[in-house]
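Reading through the structure tokens given below for one structure.
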Amino acid sequence: MQKYSFYAAIGLLILFVLTALVGPYLIEHDPLRGSLRARLDPPFWIEGGSIEHILGTDRLGRDMLARLVQGARISLAVCVVVIGIAGSIGTAIGTFSGYVGGWVDRLLMRIVDLALSLPVILLALLIGAISGPSFANIVIVISLVLWSQYARMSRGEALRVKNEDYVALARTSGLGHGMIIFRHILPNIAPSLIVVATLQVGVVIVLEASLSFLGVGVPPPNPSWGSMVADGRGLVVTAWWISLFPGIAILLVVMAVNIVGDALTDRINPALRGRTA
Amino acid sequence: MSLLSVRNLTVRLGREADAPAILDNISLDVDPGETVGLVGESGSGKSTLGMSVLRLTPPNLAAGTTGEIFWRGEDILKMPAKSLHKLRGGEISMILQDPMASLNPVFSVGSQLKEALRRAGKPDLAKAAEAALAEVNIPSPAERLRAYPHQMSGGMRQRVVSAIGLAQDPALIICDEPTTALDATIQYQFLDLLRELQRAHHMAMLFVTHDFGVVARICDRVAVMYAGRIVETGPVREIFRNPQHPYTRALLAAVPSTSHALDRLPMIEGAPPSVGARPEGCAFHPRCPLAIDKCRMQPATETLRPGHTVACWRAREEVA
Amino acid sequence: MLRQITGRLIEAFAALLLMSLVIFLLSRVTGDPVALLLSDSATEADRQMLIEQLHLDQPMWRQYLSFVGNALQGDFGQSVNAGRQDALDLVMSRLPASISLAAVALAFTLVVGIAMGVVAAVTRGSWIDVLVRVIALLGQSVPSFWLGIVLIYIVSVKWGLLPTSGYGTWQHYILPALTLGTFTLAAVTRLVRASMLDALGSEYVKLARVKGVSEATVIFKHALSNSLIPVVTFMGAFFATMITGAVVVETVFAWPGIGRLAYESIVSRDFPVIQTVVLVITAMFILANFAVDMLYLAIDPRMRDAG
């Protein structure tokens with residue numbers, strides 16, 4: 001049972017990535033431009049729908065499928081960039097902190113605690129309100145929310161690994177600090193980081209979608225799944241498909257990520273199980 | 001009549017007949033007031049035997065359990081839930097291995113002790129609890145009752161665990177390596193305390209350990225386990241004077257160094273086989289210095305002298 | 001113990017100060033504060049008054065001091081919208097609706113989440129366990145803004161069982177609280193299940209069983225008491241999720257709380273109100289974290305003695 005759900009989840013994620021990478025080239029409709037003649041067309045299996053727009057069209061007559069595919073690309077881009085930024089900054093700070101120790105470590109960990117104790121999502125709204133929605137803003141804001149988790153994790157691992165015999169041996173044999181960190185500490189941290197990163201993919205997708213839903217995420221007319229749900233909000237009674245499909249897309253991708261993340265957690269770091277709220 | 005009488009107990013990892021066996025056809029008796037040592041390396045199944053007696057093995061092991069465990073003539077494995085419930089703590093009690101982990105961190109020592117005393121129907125719980133701590137040599141017991149486990153040392157906690165074990169005046173107490181986690185000096189102190197308590201309460205004791213030094217100090221009889229089977233049993237003196245099984249001899253040879261707890265025996269080459277990968281025949285033969293071709297078949301258990309049994313093809317030859 | 005409490009208080013204060021600094025810098029460094037803080041219809045005289053009021057002609061540190069000074073006196077400026085309401089008054093008037101919704105959602109989450117986690121752990125591997133895990137997986141994955149819309153469509157529009165949105169009767173609470181609580185419900189369930197499994201396999205539960213206490217005592221006293229400690233540790237995080245969620249959920253359900261106020265003021269670019277909302281929520285957030293820390297000290301005896 002568990003095995004099947006894992007393979008299904010992996011399959012779904014591969015589909016998601018492929019859709020994001022090559023999907024836009026396979027669809028002839030432009031996700032940004034609609035035709036006024038085809039406004040609010042339902043999906044093809046509903047009366048009034050057509051094969052032309054398989055999943056129907058939105059308020060401005062834009063093809064839903066084309067927008068969903070484009071939305072996958074945006075979601076994936078945000079995930080990759082955010083996790084890249086938050087992961088490398090957080091890991092660098094955490095590893096450094098744990099490796100150096102002493103007052104530097106105490107100070108940095110205080111800052112991490114502070115970062116965790118602030119409702120950073122509201123900062124996102126603030127930044128959005130001041131400088132308007134943009135791709136850069138959303139990346140910065142979500143990275144601000146997520147870096148501290150990497151810092152915590154890598155600091156703990158660095159502390160642990162630092163005292164292992166083989167690192168002590170490396171140090172006595174005159175290996176430089178940089179080399180010790182790259183050769184001995186980072187490879188040990190890597191598995192745990194992969195687990196955290198996987199579980200965060202879901203968080204990033206939902207955060208991005210929520211911010212876009214609120215109008216401070218990916219700027220229109222770019223189709224983020226979150227802003228697509230917002231588009232259809234006032235029309236659920238008459239044109240339910242506009243909100244339904246992007247929501248299902250988010251649900252499926254996040255669920256797949258969580259299944260894979262849980263499986264990796266069990267395999268790599270069972271102590272974390274259920275503890276990544 | 002024996003107090004506890006284990007007959008052909010086999011515990012498999014699951015219900016299937018070909019599932020690997022943790023315990024393989026074990027038979028063992030404990031008489032009233034007697035201390036029986038159960039000796040073997042980790043993974044030999046000795047702890048599982050202890051838990052089986054109280055029917056506290058995990059569900060997959062419980063499903064794979066066959067044989068009989070008689071308590072005063074009644075089979076524990078067929079006992080209804082109600083009698084079983086009375087048996088646990090009341091007639092048979094247990095001291096667990098790790099004193100650091102076996103007390104609940106969020107309740108005071110007193111409340112955990114009183115839980116057991118209440119079941120024994122003691123009229124004045126506070127007074128009984130104080131007396132119970134005093135009996136295990138805990139200084140200023142009245143104050144200690146209010147303490148939490150983390151405020152006590154390992155040796156102190158293990159005494160609390162013993163007090164809990166004794167609270168309901170059991171007829172048999174199973175000690176699952178109770179000294180392994182303790183410092184060497186405290187170990188012997190604790191063993192002497194156990195011995196005293198045993199006499200005072202007229203209990204029988206099943207003492208699980210990997211350390212023959214401990215056996216010499218506290219046991220009357222000993223059963224040596226290897227890979228889920230009992231390979232040799234006998235009175236402690238007899239076994240020390242005249243060990244028959246090569247495995248027993250190797251264990252005994254390791255004794256001088258047992259002032260430190262050790263889990264793997266340096267005198268024997270190799271490690272004990274894991275449950276799923278036990279060799280055919282005598283499971284010890286790959287590590288045995290005396291092994292011959294015949295050892296690929298399971299040797300029968302023979303009685304050498306009254307009370308002294310051994311399962312080894314080469315035992316007779318050595319005696320002769 | 002007193003030392004710990006003072007330590008936490010100082011931390012809480014530092015966090016609040018940090019947030020005020022961030023808000024201050026955001027409003028002064030990026031763009032033109034005058035444009036941010038005044039409505040489009042403001043006159044030149046209004047401009048001059050604001051510059052004087054906020055000491056915008058003076059050095060940055062002086063400006064920050066007066067910003068903090070004003071804030072401490074409850075002066076966060078006025079809404080730029082018609083009506084020019086006092087920003088703090090506006091936020092405070094919306095607070096009760098938000099707090100009552102969060103309280104209902106949190107209560108629902110804890111009761112149902114703990115119950116599901118315990119049942120799943122005790123029946124590990126059974127179909128009940130599988131069902132609970134599927135529910136938790138769904139709850140963890142569904143975006144709340146979408147769930148809210150779907151619930152409104154099905155329960156209110158199609159079936160006509162509950163009001164679609166708004167505030168007033170107890171029926172109004174059900175859908176928003178359900179939507180707001182779903183993610184946390186999943187988190188609590190997973191957490192309780194995992195820590196219950198740990199506890200049920202622990203030596204102290206073994207000892208309790210050896211003692212012969214009843215299975216109910218083993219589960220509800222010995223195992224559950226230990227499993228609730230991580231739930232308390234995560235309460236701060238749960239509260240954060242609720243606050244974050246409140247902006248979205250209150251917007252979807254037209255709930256007159258500060259979450260929706262935050263959304264509205266962003267849409268209408270009402271900066272004085274936004275900064276007030278953010279500061280008030282930060283203060284609540286920090287207060288809640290402080291309360292959780294105290295609760296943690298109270299329930300875990302090991303913490304009371306720790307340095």
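Just so it is clear: chains get the letters A, B, ... in the order the sequence lines come, proteins before strands, and each one is counted from 1. Reckoned from all heavy atoms, side chains included, excluding hydrogens, waters and symmetry mates. Model, not experiment: these values are computed from the prediction.
- A 6.0 Å sphere centred on CD of C/Gln171 holds more than 12 heavy atoms belonging to other residues, nucleotides or ligands.
- Your options are C/Val210, C/Ile229, C/Leu207, and the one with the most heavy-atom pairs under 4.5 Å with chain B is C/Val210.
- Across every non-hydrogen atom of C/Lys211 and B/Gln112, the tightest pair is NZ-O, 2.8 Å.
- Side-chain N or O atoms of B/Arg88 include none that pairs as donor or acceptor with a backbone N or O of C/Arg209 at under 3.5 Å.
- For residues 217-224 of chain C, heavy-atom neighbours of chain B at less than 4.5 Å comprise C/Thr217, C/Lys221, C/His222, sorted by residue number.
- When each of B/Gly89, B/Pro59, B/Ser102 is scored by its heavy-atom pairs under 4.5 Å with chain C, the top score falls to B/Ser102.
- Options B/Pro105, B/Ser93, B/Ala116 differ in how many heavy-atom pairs under 4.5 Å they form with chain C, and the most are formed by B/Pro105.
- Annotation: the span from C/Ser225 atom OG to B/Asn104 atom CG amounts to 5.0 Å, rounded to 0.5 Å.
- For the atom pair CE (B/Met51) and NZ (C/Lys206), the distance works out to 4.5 Å, reported to the nearest 0.5 Å.
- Interatomic distance, CD of C/Glu203 versus CG of B/Leu103, reported as 10.5 Å (0.5 Å rounding).
- Counting non-hydrogen atoms of other residues, nucleotides and ligands closer than 6.0 Å to CZ of B/Arg195 gives a total above 12.
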